[in-house]
Amino acid sequence: MNFLVIGSGAREHIMAEKLTEVGAKVYSVLTNLNPGLIQLSKYYILVSGYTSQNNLNKIIDFGLSKSIDCVVIGPEDPLANGLADKFWKKGISVVGPVKQLAQIETSKGFTRDLLNNYGIDASPRFRRFNAIGGSSDFIDELSEEYVIKFDGLMGGKGVKVSGEHLKDKNEGLRYCGDLLKNSGNYVIEEKLYGEEFSLMSFCDGNTLSHMPAVQDHKRAYEGDIGPNTGGMGSYSDSNHSLPFLNDNEIATARDINEQVASALLKHTGSEYKGILYGGFMATKDGVKLIEYNARFGDPEAMNLLSLLDTDFASVCSDIVNGCLSSVNFRKEASVCKYIVPEGYGSNPNPDATLIIDDRYNEFSNLYYAAVNMEASGEISTTSSRAGAMVSTSSTIELAEEKCEQGLEYVSGNNLFVRHDIAKSHLIEKRMKNMEEIR
Ligand code: AMP
Ligand code: GLY
């Protein structure tokens with residue numbers, strides 16, 4: 001089969017690897033010259049982004065010219081701009097929902113309303129705003145324990161939390177004002193306390209197959225402080241749960257994904273074909289929904305695809321053909337740590353360099369992200385994440401050690417890694433936190 005992979009981060013690099021491993025041909029659409037994808041692709045095109053109709057049409061023409069059987073969309077932007085709709089119209093199948101269904105990610109307000117309207121009890125108290133009026137009163141109603149969310153795509157960086165990013169109500173209201181100025185609607189919701197986890201499910205429109213739970217680390221710095229980022233690293237456990245979760249919490253998250261997929265079908269009449277990503281928090285009042293994404297998580301894709309024990313090309317064709325059955329994952333732990341330019345998340349250093357010594361591969365796999373392969377063979381960084389080091393082993397502790405051993409072969413200037421990810425002390429802190437909360 002001929003696959004077209006859209007996107008040029010570490011998530012797409014591993015998707016292309018899993019597809020080529022089982023004999024599929026991969027073509028790709030890149031926004032940066034990712035060396036891993038370039039090596040794996042039969043052909044690629046480079047586009048400046050996924051917003052202009054011109055670029056979308058260029059991608060469709062490329063797909064038609066290469067007799068693509070199935071398109072796999074990695075990032076949210078092409079989903080938000082209806083690339084899946086356009087391919088289906090040309091008779092080409094797509095893993096990744098059509099625009100209307102991608103609202104599950106592109107509008108936090110849409111998602112909160114969907115849950116309410118279909119009686120899915122997983123939201124904190126919330127209210128949607130398209131003007132400042134009422135914001136101050138609602139913040140008071142939440143006893144100043146609140147979160148403000150831009151109601152659109154902002155690369156994981158549009159959310160600000162009281163007491164962390166917003167030190168008082170005035171700062172909160174100022175942020176609301178800034179969002180309005182940028183023509184943004186926003187949602188204010190109750191601040192929840194607990195531990196976050198991602199539970200993703202493959203979905204063929206009617207049937208879901210759940211993946212192991214993963215914990216991402218969105219905050220830029222060690223100890224879970226600093227600005228929200230696209231994700232600094234993640235881990236999963238050999239039992240497919242996480243050390244701080246109980247069986248009931250996993251079952252609830254799976255059930256919420258199932259209810260949401262069915263609500264989406266009822267609400268829109270269209271089948272959601274792709275990956276449904278629930279971002280959850282285990283709280284004292286049970287599992288709550290933080291957000292949905294309409295795609296594979298990044299970094300979570302690196303954990304899960306590293307453990308995948310079913311042919312990825314078949315999983316994709318089962319999704320588009322509506323005949324998904326169970327998808328298997330090895331019973332091992334996985335750890336992924338991102339190498340990013342210093343200051344990533346707020347003020348990334350433009351002069352970071354990335355040098356890789358291939359001996360890392362005795363311990364880990366490396367997936368390239370937002371970097372460019374220069375004509376000289378050097379790899380230049382951008383303002384976003386540079387590469388993901390990923391290891392698997394029988395326990396989280398062993399996988400973490402291997403990941404760190406792999407990272408020893410990465411050098412360069414002005415780079416940063418959150419080394420605390422998946423370390424025992426951080427995991428124990430989370431387990432203790434959940435014991436106290438429960
Ligand atoms: P989101 O983009 O909605 O996933 O939000 C980014 C991050 O903000 C999440 O990973 C949480 O750490 C935090 N966050 C979002 N919503 C809430 C909430 N209601 N309570 C506490 N923290 C939240
Ligand atoms: N792991 C966060 C995201 O993919 O948005």
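Read the numbers this way: they start at 1 and go in the same order the structure lists the ligands and their atoms.
Some N or O of Glu300 is nearer than 3.5 Å to an N or O of ligand 2, by distance alone. The N/O atoms of Glu291, backbone and side chain alike, include one that comes under 3.5 Å of an N/O atom in ligand 1.
Interface atoms of ligand 2 facing Asp216, defined by a heavy-atom separation under 4.0 Å, are 1 (N), 2 (C). Here is the list of ligand 1 atoms found below 4.0 Å of a heavy atom in Glu196: 9 (C), 10 (O), 11 (C), 12 (O). If you number the atoms of ligand 2 from 1 as listed, the ones under 4.0 Å from a heavy atom of Asn293 come out as 3 (C), 5 (O). Atoms of ligand 1 lying under 4.0 Å from any heavy atom of Lys108, numbered from 1 in the order shown and given with element: 1 (P), 2 (O), 3 (O). Short contacts between ligand 1 and Lys218, defined as distances under 4.0 Å to a heavy atom of the residue, involve ligand atoms 4 (O), 10 (O). Remark: ligand 2 atoms within the under-4.0 Å shell around heavy atoms of Arg295 are 3 (C), 4 (O), 5 (O). Near Lys149, the atoms of ligand 1 lying under 4.0 angstrom from a non-hydrogen atom of the residue are 3 (O), 15 (C), 16 (N). Atoms of ligand 2 lying under 4.0 Å from any heavy atom of Lys218, numbered from 1 in the order shown and given with element: 2 (C). With ligand atoms numbered from 1 in the order given, ligand 1 contributes 18 (C), 19 (N), 20 (N) to contacts under 4.0 Å with heavy atoms of Glu190.
In plain terms, the two heavy atoms of Ala399 and Val335 that are nearest each other are CB-CG2, 3.8 Å.
Heavy-atom contacts from other residues, nucleotides or ligands closer than 6.0 Å to CD of Gln39 number 12 or fewer.
Rounded to the nearest 0.5 Å, atoms OH (Tyr277) and CD1 (Ile104) are 13.5 Å apart.
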Exercise. Does the pair Glu189 and Lys288 meet the rule for a salt bridge (charged side-chain N to carboxylate O under 4.0 Å, His left out), with working shown?
Worked result: CA-CA 12 Å; Glu189 62 186 40; Lys288 299 287 176 195; over 6 Å; no
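One side chain, Glu271 or Asn206, offers a donor N or O that lies under 3.5 Å from an acceptor on the other. A donor-acceptor contact closer than 3.5 angstrom is absent between the side chains of Ser198 and Asp216.
Not a single heavy atom of Gly279 sits under 4.0 Å from any atom of ligand 2. At least one heavy atom of Gly297 sits less than 4.0 Å from an atom of ligand 2.
For the salt bridge (Lys or Arg N to Asp or Glu O under 4.0 Å) criterion with Lys337, the lone passing option out of Glu401, Glu222, Glu400 is Glu400.
Residue contacts with ligand 1 for Leu192 involve both N, CA, C or O and side-chain atoms from C-beta outward (heavy atoms, distance under 4.0 Å).
Aromatic rings from Tyr186 and Phe150 are positioned such that their centres are separated by 6.0 Å or more.
For atom 7 (C) of ligand 1, the nearest non-hydrogen atom from the set Asn228, Ile188, Asn293 belongs to Asn228. Among Arg219, Glu145, Lys160, Lys288, the residue whose heavy atom sits closest to atom 13 (C) of ligand 1 is Arg219.
For residues 220-243, the set of pairs meeting the ring pair (Phe, Tyr, Trp, His ring centres under 6.0 Å) definition, not counting sequence neighbours, comprises His217-Tyr235.
Note on ring orientation: taking the six-membered ring where Trp is involved, the planes of Phe312 and Phe202 are tilted (angle from 30° to 60°).
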